Every structure is written in C-alpha cells, then in structure tokens.
Chemist: 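Pasting a structure here, questions to come.
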2 protein chains.
Amino acid sequence: MDAAQISQVRRFNRTVTERVGVLHDHYLGRDRPIGEARLLWEIGEQGQDVRRLRERLGLDSGYISRLLRSLETDGLVTVEPQQHDRRVRTVRLTNAGRSERAMLDGRSDELAGSLLEPLNTAQRARLVAAMAEVDRLLTAATVTLDTVDPGHPDAQLCLRFYFSELQARFDTGFDPAQSLLPDASELRPPQGLFLVARMHAEPIGCAGLKLPPDAPAEIKRMWVAPHARGLGLGRRFLAELEARAARHGHDVLRLDTNKALGAAIGLYHSCGFQEVPAFNDEPYAHHWFEKRIAGPPSR
Amino acid sequence: MDAAQISQVRRFNRTVTERVGVLHDHYLGRDRPIGEARLLWEIGEQGQDVRRLRERLGLDSGYISRLLRSLETDGLVTVEPQQHDRRVRTVRLTNAGRSERAMLDGRSDELAGSLLEPLNTAQRARLVAAMAEVDRLLTAATVTLDTVDPGHPDAQLCLRFYFSELQARFDTGFDPAQSLLPDASELRPPQGLFLVARMHAEPIGCAGLKLPPDAPAEIKRMWVAPHARGLGLGRRFLAELEARAARHGHDVLRLDTNKALGAAIGLYHSCGFQEVPAFNDEPYAHHWFEKRIAGPPSR
DNA sequence: TCCATTCTCTGACTTTAGTCAGAGAATGTT
DNA sequence: AACATTCTCTGACTAAAGTCAGAGAATGGA
C-alpha cells in the first residue's frame with residue numbers, strides 16, 4: 001500500500017482522536033460514566049431488548065446487566081420481560097431517562113458546534129463536505145459480502161424490498177408471475193449462488209448469480225438499499241460476481257435490465273458490460289448486457 | 001449554526017470514533033495498557049522532560065510518575081535529572097524502549113492500512129484526500145492568535161524565519177539594513193502591537209501592526225510558516241488586525257509588499273485591499289495596498 | 001540566608017470497565 | 001416428561017485509569 005497514503009491516514013487518525021475523541025468523552029461523560037451514557041443512547045426512544053443492546057455495544061452480559069441496574073436505580077429506565085419470550089427482557093426509557101437522553105443529544109450538538117465554531121463560513125462548508133466523504137467511505141469499508149442461502153431471512157428481506165421497488169419504479173408495475181424468475185434452487189450451489197451485503201450486521205443489498213453448466217453465467221436480482229447507495233456497492237457486487245463466475249470456469253457474464261433503472265444501466269456500462277441483443281424472453285427487460293471475463297486462474 | 005451541518009458533523013463523529021477509535025485502542029493496547037503505550041509514544045526518539053509529557057497528555061503528575069516507574073522496571077526508559085534544572089527529570093528510551101516504540105509505529109501503519117484495505121483504488125484516493133482536508137481544517141481550528149511583545153522568543157523566532165525567507169525569495173536578496181524596518185517599540189503598545197499564531201503551543205506565524213496617532217494603521221512583517229500554509233491563517237491575521245485597528249480608532253489600513261510574494265498579493269486583493277500609489281520609500285516594495293475599514297464600535 | 005515556588009514522587013484512595021463462573025427462569029425439542 | 005438451550009442476573013474477581021494530599025529535593029528571588 002502507498003506509504004504517502006498510510007502516513008496521511010495516520011495524521012488524520014491522530015488529529016481526529018485528539019480533537020474529536022477527547023472532546024467526545026469530555027462532553028458526553030460529564031455527569032455519568034461514558035459506558036452508561038452510551039447505553040442510555042443506544043436504548044433509544046422506543047426501547048430495546050437487552051440482547052440487542054449487548055450485540056450492538058459488544059459488552060459482556062454481566063456488565064450490561066449491572067449498568068442497567070444502575071440506570072434503573074437512578075430512575076432512568078424500566079426493564080420488563082418481553083411479551084413473546086419471557087426470557088428476553090426489554091428496556092424502556094422513563095420520562096427522566098428521555099430527558100437525560102435529550103441532554104446527551106444536546107451535548108452532541110454542542111460538540112459538533114465546537115468543531116465548526118472557530119472556522120469561517122467557507123471553511124465550515126469545506127470541512128462538512130470532507131467529513132461527509134470520509135464518513136461515506138469509512139462506512140462503505142465496513143460492508144461485508146456474504147454467501148447465503150436464498151432462503152435465509154436476510155436474503156428474503158432484501159428480495160421483498162427488491163420486488164416492491166420494481167413494482168414502484170417500472171412503468172408497468174411488476175408482477176412476479178409474469179417474469180422469468182429463477183427458482184431459488186438456481187441461486188444455490190451447485191447451480192448458482194446468492195450474496196447478501198451487510199453493514200453492522202443489517203442486510204443492505206443482495207445479488208444472485210446463475211452458473212449453468214453450458215451457458216454464460218447470469219446476474220439476477222441485484223439490489224442495494226436506498227440508504228446504502230453511493231457507497232460503490234453495485235460496483236463491488238459486480239466485481240465479486242465476476243470473480244466468482246470466473247472461478248467456476250465461466251468466461252462470459254450476462255444480465256438483463258429494465259429501462260427504468262437508469263443508474264444500474266450506467267453502472268453496467270462503466271464496468272465494461274456491452275449491450276447485446278436479447279438473449280431471453282424476459283418481458284420486463286429492455287436492455288441485455290454481456291461481458292467477457294477472465295477464465296479461472298490457470299495454475 | 002446550520003442544523004444540517006451539525007448533523008453531518010455528528011454522523012462523522014460517530015463513524016470515526018467507532019471505526020478509528022475502537023481500532024486504535026485495539027491495535028495499540030495489544031500488549032500493554034494504552035496509557036503506557038501513549039506515554040511511550042509521546043516520549044519520542046530524543047526523550048522528553050516529565051513536565052512536558054504531563055502537559056501534552058494532560059495527566060495527573062502522580063499518575064504519570066507511576067506509569068514511568070512501570071516502564072522503567074520493564075527496562076524501556078531511563079529517567080534522569082535534567083542538567084540545567086535538577087528538579088525537572090528527563091525521560092529517555094532505552095534500546096528496548098526504542099524497539100517497543102517501533103512496534104507501536106508498525107501497529108499504527110497496520111491500523112491505517114486496515115482502514116484503506118477494503119476499498120478499491122479510486123475510493124482510497126478519495127478517502128485519503130478527504131481525510132487530508134478534514135485534518136487540515138480541524139488543525140486550523142486549533143490555531144490561536146496571541147498578542148505578545150515583539151521581543152518574546154516566539155516572536156523573535158518567527159521574525160528570523162521571516163527574514164531568511166525574504167532573503168531567499170526576493171530577486172535581490174534582502175538586507176535588513178536597506179529596509180524601512182520599524183523599531184520593535186513601534187510594534188508594542190501603545191504605538192502598535194504584535195501577534196503570534198500558535199498551534200499546539202508552537203509558533204507558526206506572526207504579524208505586526210503600527211498604530212500611529214495621525215496616520216493610517218499599517219501591517220508589517222506578516223509571515224506564516226510553510227507547513228501551516230493553506231489553513232486560511234493569512235486571512236485570519238488580516239481580519240484580526242483590521243478589527244484591532246478599528247478598535248483603536250483607525251479607518252484606513254495599509255501595507256506594502258514585494259512582487260515576489262504572489263500569494264500574499266492575491267490574498268490582499270481577495271480581502272478587499274485596493275492597490276494605491278507608493279505611500280513610502282521602502283526600497284523592497286513594489287506594491288502598496290490600502291483598505292477602508294469600519295470605525296470603532298459606536299456604543 | 002530565608003522563604004516561596006516548582007517539580008517529582010509515594011501512599012492511600014476511588015471509579016470505571018470489564019471478565020468469569022455459575023444460578024435460575026423460560027422456552028424449544030424429542 | 002425429560003433434557004438441552006437461551007437469556008438474564010448475581011457474586012466474586014481483576015486491571016486500568018485516575019485523584020488527592022502531602023513529602024522532599026532543587027531552585028529563584030528578596
């Protein structure tokens with residue numbers, strides 16, 4: 001990796017942990033330990049199951065329990081068994097807890113303000129823009145692509161969003177019964193595979209790949225959640241699927257798409273796909289693309 | 001302050017403390033407490049006085065003393081009285097300490113690498129550029145402008161750099177004896193004032209202001225250290241001097257400059273200075289500027 | 001020379017942030 | 001009904017991080 005890049009990243013880390021990190025603890029930990037403050041924050045307005053809090057904060061169950069006890073004796077939260085499964089307990093903010101959380105919220109604003117405050121208008125605008133960029137890219141870097149069974153709940157969730165988005169965006173609406181939908185078994189080894197993209201363990205996108213023995217590999221059902229767009233995830237899916245197809249001995253990758261999906265069409269072009277004549281009878285397709293890809297590694 | 005800006009800054013803070021902060025502690029605190037690791041780092045290759053370490057890290061003297069004792073028994077540092085003042089003690093790394101520090105250095109590189117690693121080439125370049133921008137602007141926000149006596153060591157240091165830079169950049173070189181140099185007393189109340197810009201307590205720039213009773217206020221000896229350029233410091237000096245001049249009842253601010261100082265000339269133009277005929281006989285000046293400024297606050 | 005100040009250190013604390021091993025209740029599985 | 005599993009909690013620890021009050025040595029200034 002480029003040494004100049006590394007050293008710039010290190011300078012950034014240093015500046016930011018000094019300026020932001022220290023202030024963060026100073027502002028947030030003013031009248032209660034930051035552990036408690038973070039927990040109070042993470043509970044949120046609607047309440048949370050203890051189990052989820054533990055996952056999110058990555059803390060020991062004994063430790064969390066003790067923190068909750070302390071918030072409870074301060075009258076900031078109530079802890080009650082969940083209705084459906086009485087082993088799980090749900091934490092909710094009391095009114096006092098809500099106002100304490102609002103105060104933390106205000107502190108966070110203060111902290112943000114204190115970073116901007118010494119700068120002039122032009123500098124503020126540039127700082128905020130650069131922060132947005134750093135934020136986006138660091139977030140993008142935490143996205144994982146995992147191979148899952150198409151029947152997995154996360155896969156099913158993505159597919160439901162995918163279909164409802166097609167329904168909303170196609171001029172004609174979208175009726176799965178009309179479309180050439182691959183059977184789930186076609187996107188499951190050995191006939192294919194299915195990827196789910198996750199950010200902080202939440203599913204945020206999916207893509208399927210058909211790997212027929214005597215025909216080109218084919219991409220199906222690629223979707224990225226609206227709030228995760230602009231992170232280069234589409235491009236990453238394409239690169240990953242291309243590599244997987246090549247590894248399975250395919251040298252052509254293809255896909256079809258609808259004219260309403262302009263951003264996707266642009267993406268295919270910029271990733272080296274060529275438009276070709278229709279290679280199937282998909283009624284919802286207006287464009288068909290193909291790309292020659294490298295064969296499997298030759299050793 | 002703009003609410004959208006505040007919330008972007010908050011998102012940034014959150015992402016960065018999660019991604020960078022947590023990794024930072026994880027990488028650095030791998031085999032010794034982060035307090036010790038930070039201290040080891042801060043001692044540096046040349047060693048440091050205990051007093052400075054305390055300032056830099058903002059820790060209690062008892063606590064630092066205990067940390068040093070622990071590093072000392074591990075054979076990583078030696079602590080000895082300073083030559084000139086035997087109350088002060090100086091900490092130096094042993095060879096073992098040096099190699100431990102080098103390992104921390106390697107870890108910092110690893111951490112930086114792990115942030116870039118999941119990204120493609122284009123994304124890396126964008127992330128690094130955005131980080132550089134954030135770094136620069138957050139750093140700029142920590143710069144203070146302090147009024148000092150022109151005889152103060154920090155002022156003198158800046159002036160030496162200033163003169164040697166003029167010597168290097170003017171076609172003709174620069175000989176102070178030829179120039180209309182204000183006497184130090186002219187840049188000291190009540191006849192004037194002298195500002196030093198400091199970053200982390202290090203002087204990084206200066207500017208003088210003459211306030212003659214019956215003539216326009218005049219800016220002299222404005223200089224910014226090369227490594228601190230691009231932080232908007234020149235603009236900040238001008239704004240500050242303008243405010244000070246106005247506060248002392250002046251309504252015109254002027255200055256002269258040499259044609260070799262192109263960036264400065266651009267700055268004067270963009271800050272509302274107008275070029276005017278020569279108002280003095282400064283042999284090194286090619287351009288003279290003037291700006292009408294607001295009088296003192298009228299209440 | 002005396003006295004105030006500066007600097008570092010030690011001893012005696014506290015708080016925070018955890019870890020680990022089990023207990024006990026509820027639930028799911030056979 | 002028996003058994004394994006899941007979930008939260010308590011008790012008993014530990015390590016890190018820090019605070020506070022002075023003691024003692026060195027220095028600077030009157």
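Note that this is a predicted model, so its numbers are computed, not measured. The sequence lines fix the lettering, A, B, ..., with proteins before strands; numbering per chain opens at 1.
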Chemist: Here's a test for you: under side-chain contact (heavy atoms from CB on, under 4.5 Å), which of Leu159(A), Leu195(A), Leu187(A), Leu157(A) qualifies with Cys206(A)?
Modeler: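 The side-chain contact (heavy atoms from CB on, under 4.5 Å) with Cys206(A) is passed solely by Leu159(A) among Leu159(A), Leu195(A), Leu187(A), Leu157(A).
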Chemist: For DNA chain D, note the earliest and the latest nucleotide, 5' to 3', having some atom under 4.0 Å of a heavy atom belonging to chain B.
Modeler: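 The protein-touched segment is dA16(D) to dT27(D).
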Chemist: Near DNA chain D, under 4.0 Å by heavy atom, which residues of residues 33-50 of chain A?
Modeler: Val50(A)
Chemist: Using a 4.0 Å heavy-atom cut-off, does Arg69(B) contact any base of the nucleic acid, only the sugar-phosphate backbone, or nothing at all?
Modeler: sugar-phosphate
Chemist: Return yes if a side-chain donor-acceptor contact under 3.5 Å exists between Glu36(A) and Ser70(A), otherwise no.
Modeler: yes
Chemist: Applying salt bridge (charged side-chain N to carboxylate O under 4.0 Å, His left out), which residue pairs with at least one partner in residues 199-208 of chain A are found, sequence neighbours left out?
Modeler: Arg52(A)-Glu202(A)
Chemist: Has the side chain of Arg124(B) got a donor or acceptor atom that lies under 3.5 Å from a matching backbone atom of Leu116(B)?
Modeler: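 The answer is yes, because a donor-acceptor pair under 3.5 Å joins these two groups.
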Chemist: Where along residues 52-64 of chain A does a heavy atom fall under 4.0 Å from DNA chain D?
Modeler: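 Contacts with DNA chain D under 4.0 Å: Arg54(A), Ser61(A), Gly62(A).
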Chemist: Less than 4.0 angstrom from a charged side-chain N to a carboxylate O is my criterion; do Arg32(A) and Asp74(A) meet it?
Modeler: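 Yes, this pair counts.
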Chemist: Over how many whole Å does the gap from Arg32(A) atom CZ to dA17(C) atom C1' extend?
Modeler: 16 Å
Chemist: With sequence neighbours left out, what residues match Asp60(B) under side chain to side chain donor-acceptor pair (under 3.5 Å)?
Modeler: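 With neighbours one apart ignored, the set is empty.
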Chemist: Go through the structure and list residues passing side chain to side chain donor-acceptor pair (under 3.5 Å) with Glu45(B), not counting sequence neighbours.
Modeler: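 With sequence neighbours excluded, Glu45(B) shows a side chain to side chain donor-acceptor pair (under 3.5 Å) to Arg98(B), Arg101(B), given in chain and number order.
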Chemist: What side-chain hydrogen bond (donor to acceptor under 3.5 Å, both in side chains) pairs are there with at least one residue in residues 152-164 of chain B, not counting sequence neighbours?
Modeler: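 Applying side-chain hydrogen bond (donor to acceptor under 3.5 Å, both in side chains) to every pair that reaches into residues 152-164 of chain B, excluding sequence neighbours, yields Asp154(B)-Arg198(B).
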Chemist: side-chain hydrogen bond (donor to acceptor under 3.5 Å, both in side chains): which pairs involve residues 86-95 of chain B, sequence neighbours left out?
Modeler: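 Listed by first then second residue: Asp49(B)-Thr90(B), Asp85(B)-Arg87(B).
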Chemist: Got a sec, which residues hit side chain to side chain donor-acceptor pair (under 3.5 Å) with Arg56(B), two or more places apart in sequence or on another chain?
Modeler: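 Partners of Arg56(B) by the side chain to side chain donor-acceptor pair (under 3.5 Å) criterion, ordered by chain and then number, come out as Glu42(B).
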Chemist: What residues in residues 76-85 of chain A put a non-hydrogen atom under 4.0 Å from any atom of DNA chain D?
Modeler: Val79(A)
Chemist: Classify the ring geometry between Phe12(B) and Phe12(A) as parallel (under 30°), tilted (30 to 60°) or perpendicular (over 60°).
Modeler: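 Rings of Phe12(B) and Phe12(A): perpendicular, over 60°.
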Chemist: Pair up each side-chain donor or acceptor in residues 105-114 of chain A with any protein partner under 3.5 Å, not counting sequence neighbours, and list the distances.
Modeler:
from	atom 1	to	atom 2	distance (Å)
Asp105(A)	OD1	Arg10(B)	NH1	3.0
Asp105(A)	OD1	Arg10(B)	NH2	2.9
Arg107(A)	NH1	Tyr27(A)	O	3.1
Arg107(A)	NH2	Asp31(A)	OD2	3.4
Asp109(A)	OD1	Arg10(B)	NH1	2.9
Ser114(A)	OG	Leu111(A)	O	2.8

Chemist: Which residues pass the side chain to side chain donor-acceptor pair (under 3.5 Å) test with Thr147(B), not counting sequence neighbours?
Modeler: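 Applying side chain to side chain donor-acceptor pair (under 3.5 Å) to Thr147(B) gives Arg244(B).
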